[in-house]
Protein chains: 2
Amino acid sequence: MAIIRNTIAKKAVFEIIQLNKTAMSQTEIFAKANNICDRVTVYRILERLVKEMKIHKIVNVNGVINYAPCNSCSHEQHVHHDHLHFSCTTCKKLTCISDNRIELNIPSNYQVAEVFLTVSGICPDCLIIT
Amino acid sequence: MAIIRNTIAKKAVFEIIQLNKTAMSQTEIFAKANNICDRVTVYRILERLVKEMKIHKIVNVNGVINYAPCNSCSHEQHVHHDHLHFSCTTCKKLTCISDNRIELNIPSNYQVAEVFLTVSGICPDCLIIT
DNA sequence: TATAATTATGCAACATTGTTGCGTTTACAA
DNA sequence: TTGTAAACGCAACAATGTTGCATAATTATA
């Protein structure tokens, strides 16, 4: 069985994600990591953190993959987390909003894994500027 | 005011999207277009078709942008279309499933543009193979 | 139907995001 | 303290998307 190591870089990346209010892309995380490790290593750390279910992987409306902390989220909720993501088209920030109860109406011959509910638009910060 | 032109390449791209059951990426559309035009032109045609609201732009769970026909979709529905997209993690196909009524619970200081409801998992075709 | 105006295209080059292979380093258990 | 597997760095690659500019094609209208 694979042993999970808690390296310096991994701890740093995890902390960056946890301390941020909005979800972040690999590029943003790497920029904040202050050259603690290689670009590629950040990708691999993120992959591991998702597998260990410590962070969520969410795609914004532009197709950029973002990572958000997985705060109060049980094992079961993790894959079926129905909370809403707001993807700002101005600042490109992805924010986790709230838990939304969704009524899914999917044919039974589809095997559902995860549910993604993303709303695009303009976030409060960008609305003020405008 | 810009005049909209209906070029051969544009007609071809639109037809490809309309005839396909699942949503397609630029790569797939270009492959089907049989060198009717340049790779870049496909990107630009897709951009225009989205702006003209003839097709929908949807992101699959891997971050690849897909395009789907906008069949029975009024002007108002277009930006608020609440129908569900199934993103197969095996064959990567993106399918439009059905209209799902979603109860959105978003703070009023957010300006909503579009709603994306995407479910990942395994589609019927891939389940049979397994 | 000929022509002017401007939309659309092709090509080349670039930018961003994400992946892979491989030799080296490091964390952790014993 | 040390062996071993996990993690890392580097370099190279792959996929997807974008931009600038000269040229071609479409459409209105004269």
Side-chain angles (χ1 to χ4, degrees), chain A residues 1-17 22-68 87 89 91-94 120, chain B residues 1-17 23-52 54-68 87 89 91-94 120:
Chain A
M1 188 160 81
I3 293 155
I4 294 166
R5 287 190 189 172
N6 216 4
T7 61
I8 297 162
K10 190 179 165 190
K11 272 185 262 182
V13 166
F14 185 52
E15 201 174 280
I16 288 166
I17 295 169
T22 58
M24 303 168 87
S25 66
Q26 182 274 346
T27 309
E28 292 171 288
I29 293 164
F30 179 61
K32 284 209 176 191
N34 223 49
N35 284 322
I36 206 170
C37 65
D38 192 73
R39 200 175 71 87
V40 177
T41 304
V42 171
Y43 275 110
R44 297 202 256 231
I45 286 170
L46 291 170
E47 201 179 309
R48 270 180 281 149
L49 286 172
V50 169
K51 204 181 289 171
E52 290 166 26
M53 301 196 298
K54 288 186 173 171
I55 59 172
H56 285 296
K57 186 176 178 174
I58 317 147
V59 183
N60 78 6
V61 291
N62 307 302
V64 178
I65 290 165
N66 278 256
Y67 299 90
S87 186
T89 51
C91 67
K92 316 293 179 200
K93 281 210 181 93
L94 191 73
S120 72
Chain B
M1 190 157 79
I3 292 153
I4 293 165
R5 284 190 191 173
N6 217 3
T7 61
I8 297 161
K10 190 179 166 188
K11 271 185 259 182
V13 166
F14 185 52
E15 199 174 281
I16 288 166
I17 295 168
M24 303 169 87
S25 66
Q26 181 274 347
T27 310
E28 291 170 288
I29 293 164
F30 179 62
K32 284 210 173 189
N34 222 48
N35 285 322
I36 204 170
C37 65
D38 192 73
R39 200 174 72 84
V40 177
T41 304
V42 172
Y43 276 110
R44 297 201 256 229
I45 286 170
L46 291 170
E47 200 179 311
R48 267 180 283 151
L49 287 171
V50 169
K51 203 179 293 173
E52 291 166 24
K54 288 186 172 170
I55 60 173
H56 284 296
K57 185 176 181 175
I58 317 148
V59 183
N60 79 5
V61 292
N62 307 302
V64 179
I65 289 166
N66 277 256
Y67 299 90
S87 185
T89 51
C91 66
K92 316 291 178 200
K93 281 212 182 90
L94 192 72
S120 72

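All values below come from the heavy atoms of this structure, side chains included, with hydrogens, waters and symmetry mates left out. Computed from a prediction, not measured in an experiment: that's the story for all the values here. Letters A, B, ... are given to chains in the order of the sequence lines, protein chains preceding strands, and every chain is numbered from 1.
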For A/Gly63 against B/Val59, the heavy-atom pair lying closest together:
CA-CG1, 3.7 Å

I need the B/Gln26 CD to B/Asn66 CG distance, nearest 0.5 Å.
11.0 Å

Nearest 0.5 Å, please: how far is CD in B/Glu28 from CG in B/Leu94?
9.5 Å

Rounded to whole Å, OH of A/Tyr67 lies from P of C/dG18 at a distance of 6 Å

Under a 4.5 Å cut-off applied to non-hydrogen side-chain atoms, are B/Tyr67 and B/His56 in contact?
no

Base, sugar-phosphate, or nothing for A/Leu46, non-hydrogen atoms under 4.0 angstrom?
nothing

How many Å lie between CG on A/Asn6 and P on C/dT26, as a whole number?
17 Å

When rounded to whole Å, the CD1 to P distance for the pair B/Ile65 and D/dT16 reads 11 Å

Taking CD1 from A/Ile8 and C1' from C/dT26, how many angstroms apart are they, rounded to a whole number?
9 Å

For the side chain of B/Asn62 and the backbone of B/Val64, is there at least one donor-acceptor N/O pair under 3.5 Å apart?
no

How sharply is the helix from C/dT1-D/dA30 to C/dA30-D/dT1 bent, taking the axes over five pairs at either end and rounding to 10 degrees?
30°

Distance below 4.0 Å between A/Arg48 side-chain N/O and D/dA7 OP1 or OP2
yes

Whole angstrom is fine here: how far is it from CD1 in B/Ile45 over to C1' in C/dT9?
9 Å

Select base, sugar-phosphate, or nothing to describe what A/Ser25 touches, counting heavy atoms under 4.0 Å on all strands.
nothing

Among residues at least two apart in sequence or on other chains, which ones pass salt bridge (Lys or Arg N to Asp or Glu O under 4.0 Å) with A/Glu52?
A/Lys10, A/Lys54

A/Asn60 CG to C/dT17 P: how many Å, rounded?
10 Å

So for B/Arg44 and C/dG10, does any side-chain atom that can act as donor or acceptor lie under 3.5 Å from a complementary atom in the base?
yes

Show the nearest heavy-atom pair for residues B/Cys37 and B/Val42, with the distance to one decimal.
SG-CG2, 3.8 Å

Rounded to whole Å, the CG-P distance (B/Asn62 to C/dT17) equals 17 Å

Grab the CD-P distance between B/Glu47 and C/dA8 for me, whole Å please.
11 Å

Contact check, side chains of A/Ile17 and A/Leu46, non-hydrogen atoms, under 4.5 Å:
yes

For D/dC8, does OP1 or OP2 lie under 4.0 Å from any side-chain N or O of A/Thr7?
yes

In residues 30-42 of chain B, which ones come under 4.0 Å of DNA chain D, going by heavy atoms?
B/Arg39, B/Val40

With a 3.5 Å cut-off and just heavy-atom distances, do the side chain of A/Arg5 and the base of C/dT26 make a donor-acceptor pair?
yes

Closest heavy-atom pair, B/Phe30 versus B/Arg39, reported as atoms and distance to 0.1 Å, is CE1-N, 3.5 Å

